[in-house]
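Let me begin by presenting the structure, written as structure tokens, before commenting on it.
Every chain is numbered from 1, with letters handed out A, B, ... down the list of sequences.
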Amino acid sequence: MLFPTTEFAIFFLLVFLLSWSLAGRLQARKLFLLGVSYFFYGYWDWRFLALLFTSSLINFLAGMALGPGGDAGRRKLIVGVAVVLNLTILGFFKYYGFFLTSLADLLASVGLSRDLPLLDIVLPIGISFFTFQGLSYVIDIYRGDIEPVKEPTDLFLYISFFPQLVAGPIVRASDFLPQLREPPRLDAATVTFGFLLIMVGLFKKMVLASYLATEIVDDVFAVPGAYSSVDLFFGAHAFVVQIYCDFSGYSDIAIGVAALLGYRFKKNFDRPLSAPSLQELWQRWHISLTSWLRDYLYRPLKGRKRGSAHMYRNLILTMMVAGLWHGAAWTFVIWGTLQGVMLVLERLIKGGVRSVRRAAEEAGPDARRAALAGRLAKWLPESPLFGWFVTINLFALTSVFFRAPDLGTVWEYFAGLAQLDMTPQKFTPFVALLIGGSIAAQFMPSDTLQLRAAQLQKLRPITAGLLLGLGLLTIEMIGPRGVAPFIYFQF
Amino acid sequence: MTRHMKIPSRHVASPVLERSRQSGAGCSKDGVAKGGPVAHKRCVRNATVTMLVAAVVLLVFNSTGLKSWLRDLPGNRATDVLVERADQWHALMQRVGFTRPKVVVQDALSTFREADWIDLFGVGDVEARESVNLDAEPPPNHDARRNRH
């Protein structure tokens, strides 16, 4: 059941009415939301309900066994077992084929070809998201940040709550579980903000992402050799905007739907395509994943404490894992590694720029040294606009690895770019407007939507309904026909 | 109210929304926020009315969408009746002229979508679209990737 469908609209209207009719009975409401979440997940493939249940049960039992205190060794063992079990489930369903195929290739390359037990495994939708949520629950209990739930319903609902179940955001137990313990409430600001977010999310997905996919991205990545360099260059930029609109659109709808049911999720994207540096871009892109990796991978590796070399290694390692999280293919591993390497280079360059500027200031009476450092400092660009320009272009060009189906296509893509053929075929004024408009919108203030929501909350419900209806109608009218699945469903 | 203070959220608990909430958590008859459990219930009712009005707007101006959606449902006696009713509804909306805005908007957008640089600014290669090398072989797992997306 995709968000932008009539089925989901009917489903949500019924869930909204019934869940609020149970607002006075907290436990009944949670059971109801758990039931509809399992229905939502089973609507794709009911066989994976057992997997979702097992994953939740493992984490619930691990949480119970960990408890609020106790023997440190025993706690370490329990959290270790829980992490291994969670990662085994994820590894089997998501990475089994990839590792076995890679092993077979490796053996074949050294003349040891073997028939390995390859299985045709269907990837359960949203497995990476609910596994990471389960892991965060167990690790937070182990660290003493949260207490284990007393009611199994709370944990099962936390892991399976339908707005975030299949494509995030990755909600933290410490954010969500306290909300389940208190009676849900709804206010005018949340209602307006929820509807506004849903409408913006639908526009991003059904209009911007869909058009960019059908007008340029799918074609240039299918046969890169058939298109000019200018098409390929803007095709890569179009893909970045497409995936941003696709995924942040899903996150917006999920946050809006949860808000209308009385729950709050944190922001998952914060105008990343206007970031003046790669570091800032990654702080604003898929925030729930990057902060998860920071808290549960980068920091335990003691990123900063063992000196620069360790920090840079851990940064690259973390980004490599982020790449692998996105998909079981070498293209994703290379993409993640490239992001890590670029982040390291950016830090080194920034460090170098700071040193040169400091040298220019401290040179004092040494006129020749001061003049040299001054010239260098002048030459080094410090404008955020320059930073943004470099960042977005590097991010777009490396995203070719993310989107291309294999390394052969990546090389073909870059070979086409290098030909410097400037005849646009797919890069039309319409595509330029979609890319340019989407990126320009990222420069609006962060609280633009909240401000609009605060203004619109004074509207009467009938007027608000007319506006909502006209907004949805416009999206339906101007978007291409049909609804493609969200890209992040595959992750 | 206190609940919003306890659990900070970067999205919903923005300073702007917090100010709105502090002026009152619920919804009054005229839509202006007021506090209290009655107002909270009124918020639920207002949100329901908003959704129902939006649904009516879509039923009126997007009867084509309703017709196509019902036709895609698995066939049985109930859906047959619904499809028949949707066809009648769509015919009525066509007669009244409510389906016209969608056609007009789609035509206008289609003209812009198909415009080339030469149409707008007089620059670009008009034969470029025809010169696309469609004989080039797609990569081996191109279809699989497209399906994934």
Side-chain angles (χ1 to χ4, degrees), chain A residues 6 13 16-17 20 175 178-179 182 185-191 193 195 213 215 218 222-223 225-227 255 259-260 264-267 405-406 408-409 412 423-425 428-430 447 450-451 453-454 457-462 464-466 468-470 472-473 476-478 484-485 487 490, chain B residues 3 6-7 9-17 19-21 25-27 30-33 40 43-44 46-58 61-62 65 69 102 105-106 109 112-113 115-117 120 124-125 128-129 131-134 136 138-139 141-142 144-146 148-149:
Chain A
T6 313
L13 184 62
F16 178 82
L17 288 172
W20 283 111
D175 286 328
Q179 299 186 47
E182 293 181 39
R185 290 194 63 82
L186 201 62
D187 54 56
T190 307
V191 170
F193 190 57
F195 283 135
E215 296 283 315
D218 287 352
V223 200
Y227 297 98
I255 294 167
L260 288 172
R264 289 173 304 289
F265 292 168
K266 283 182 178 171
K267 189 183 258 193
D406 51 45
T409 310
E412 194 185 344
T423 317
Q425 298 149 19
T428 59
F430 180 63
D447 60 352
Q450 286 93 330
L451 278 168
Q457 67 168 311
K458 289 170 188 155
L459 291 176
R460 287 167 183 273
I462 291 180
L466 284 172
L468 179 67
L470 288 174
L472 296 175
L473 185 70
E476 164 67 22
M477 285 197 293
I478 63 176
I487 296 174
Q490 65 185 296
Chain B
R3 186 166 157 250
K6 276 184 199 165
I7 309 152
S9 159
R10 273 196 252 182
H11 221 147
V12 180
S14 73
V16 177
L17 287 182
R19 273 200 301 278
S20 306
R21 287 202 183 97
C27 312
D30 58 358
V32 180
H40 156 72
C43 272
V44 176
N46 286 358
T48 311
V49 171
T50 303
M51 284 190 269
L52 291 176
V53 171
V56 171
V57 171
L58 288 171
F61 290 99
N62 191 31
W69 177 67
K102 187 172 177 173
V105 171
Q106 284 180 335
L109 188 73
F112 180 55
R113 267 179 59 205
D116 217 326
W117 294 106
L120 291 182
D125 186 353
R129 281 173 189 270
S131 72
V132 176
N133 178 14
L134 292 175
N141 54 353
H142 157 223
R145 180 71 182 210
R146 280 175 73 100
R148 282 167 64 194
H149 282 238

Check: Do you know the tightest heavy-atom contact between A/Pro429 and B/Ala115?
Finding: CD-O, 3.4 Å

Next item on the list: Give the intermediate values and the outcome of side-chain contact (heavy atoms from CB on, under 4.5 Å) for residues A/Leu472 and B/Leu58.
Entry: CA-CA 8 Å; A/Leu472 296 175; B/Leu58 288 171; 4.1 Å; yes

Checklist line | For B/Val44, the option from A/Leu186, A/Val191, A/Leu260 that meets side chain to side chain contact (heavy atoms under 4.5 Å, CB included) | finding: A/Leu186

Notebook entry, point to check: Do other residues, nucleotides or ligands put more than 12 heavy atoms under 6.0 Å from the CD1 atom of A/Ile462?
Noted result: no

Checklist line | From A/Leu459 atom CG to B/Asn46 atom CG, the distance as rounded to the nearest 0.5 Å | finding: 11.0 Å

Check: What distance separates B/Arg113 CZ from A/Thr428 OG1, expressed to the nearest 0.5 Å?
Finding: 9.0 Å

Next item on the list: Would you give the length of the straight line joining atom CD of A/Glu476 to atom CZ of B/Phe61, rounded to the nearest 0.5 angstrom?
Entry: 14.0 Å

Check: Is there side-chain contact between B/Val53 and A/Leu468, with heavy atoms separated by less than 4.5 Å?
Finding: no

Check: Of all heavy-atom pairs between B/Cys43 and A/Ala188, which one has the smallest distance, and what is that distance?
Finding: SG-N, 3.5 Å

Notebook entry, point to check: If every non-hydrogen atom of A/Phe195 is compared with every non-hydrogen atom of B/Ala47, which pair is closest and at what distance?
Noted result: CZ-O, 3.7 Å

